[in-house]
Amino acid sequence: MIESIEFEAKGQNQSEIRLQHSTGEITTLLFSSMFPMQAQGYYIKAINLLIAQKPDISPKDDLFNIFTNWFIRHSLEMPLGVGTSKNEERIRIGNRIKEIREEKHLEAKALSLLTGIDAANLCRIEQGKQSAGIDVLSKIANAMGYRIDFVELKK
């Protein structure tokens with residue numbers, strides 16, 4: 001299931017659409033023009049129609065062919081490439097936040113109040129479904145008596 005849709009310019013002649021799946025995976029559709037940025041409303045409408053028709057669409061499907069055919073059918077530019085990734089670091093950090101929170105016998109709602117971060121967002125961060133910036137991670141760490149630091153990887 002697709003939870004969110006984001007658009008981003010990638011240089012002068014490229015853009016991408018990122019689809020966040022409920023599994024935490026992100027599918028990126030790369031385009032060789034800025035047209036998707038200029039026609040976001042049309043792409044969102046087309047993607048929502050696709051989701052309504054195929055609510056169980058997942059990264060395991062042949063997303064390149066699905067989106068290419070769907071966009072052509074809706075007179076939209078087709079993607080140059082489609083790739084799905086699962087951010088292992090985001091998942092690892094989310095799991096570690098939850099682990100520390102539970103070790104401290106701190107409910108998610110209490111951590112939410114301490115940090116000023118919406119409880120639903122905190123839940124998504126812990127599940128690795130939502131990316132968190134340095135300021136948000138610092139708030140979470142500080143509220144639990146930690147700080148963010150660079151630690152050398154073991155080889």
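- One distance of note links CZ of F7 with CD1 of I44; it measures 4.5 Å at 0.5 Å rounding.
- The minimum heavy-atom distance between I97 and M144, with the atom names listed, is O-CE, 3.8 Å.
- Looking only at atom types and distance, the side chain of R92 has no donor-acceptor partner in the side chain of N95 under 3.5 Å away.
- Partners of E3 under the salt bridge (Lys or Arg N to Asp or Glu O under 4.0 Å) rule, at least two apart in sequence or in another chain, do not exist in this structure.
- Using a 4.5 Å heavy-atom threshold, the side chains of T28 and V82 count as separate.
- For the residue pair T27 / H21, a side-chain donor-acceptor distance below 3.5 Å is found, with atom types taken as modelled.
- Taking 4.5 Å as the limit, every side-chain heavy atom of L30 sits out of range of all side-chain heavy atoms of P79.
- Here CG of L19 is found 7.0 Å from CD1 of I17. Values are rounded to the nearest 0.5 Å.
- Contact of the F67 side chain with the L50 side chain is registered, since non-hydrogen atoms from C-beta on lie closer than 4.5 Å.
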(request) Under the salt bridge (charged side-chain N to carboxylate O under 4.0 Å, His left out) rule, what do R18 and E16 come out as? Steps first, then yes or no, please. (result) CA-CA 6 Å; R18 284 189 306 278; E16 64 182 32; 2.6 Å; yes
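- Side-chain atoms of S15 do not come within 3.5 Å of backbone N or O of A9 as any donor-acceptor pair.
- Using a 4.5 Å heavy-atom cutoff, the side chains of L63 and I57 are in contact.
- With salt bridges taken as basic N to acidic carboxylate O contacts below 4.0 Å, one links R101 and E126.
- Between K139 atom NZ and I134 atom CD1 the span is 13.0 Å, to the nearest 0.5 Å.
- Residue pairs meeting the side-chain hydrogen bond (donor to acceptor under 3.5 Å, both in side chains) criterion with at least one member in residues 33-43, sequence neighbours excluded: S33-E77.
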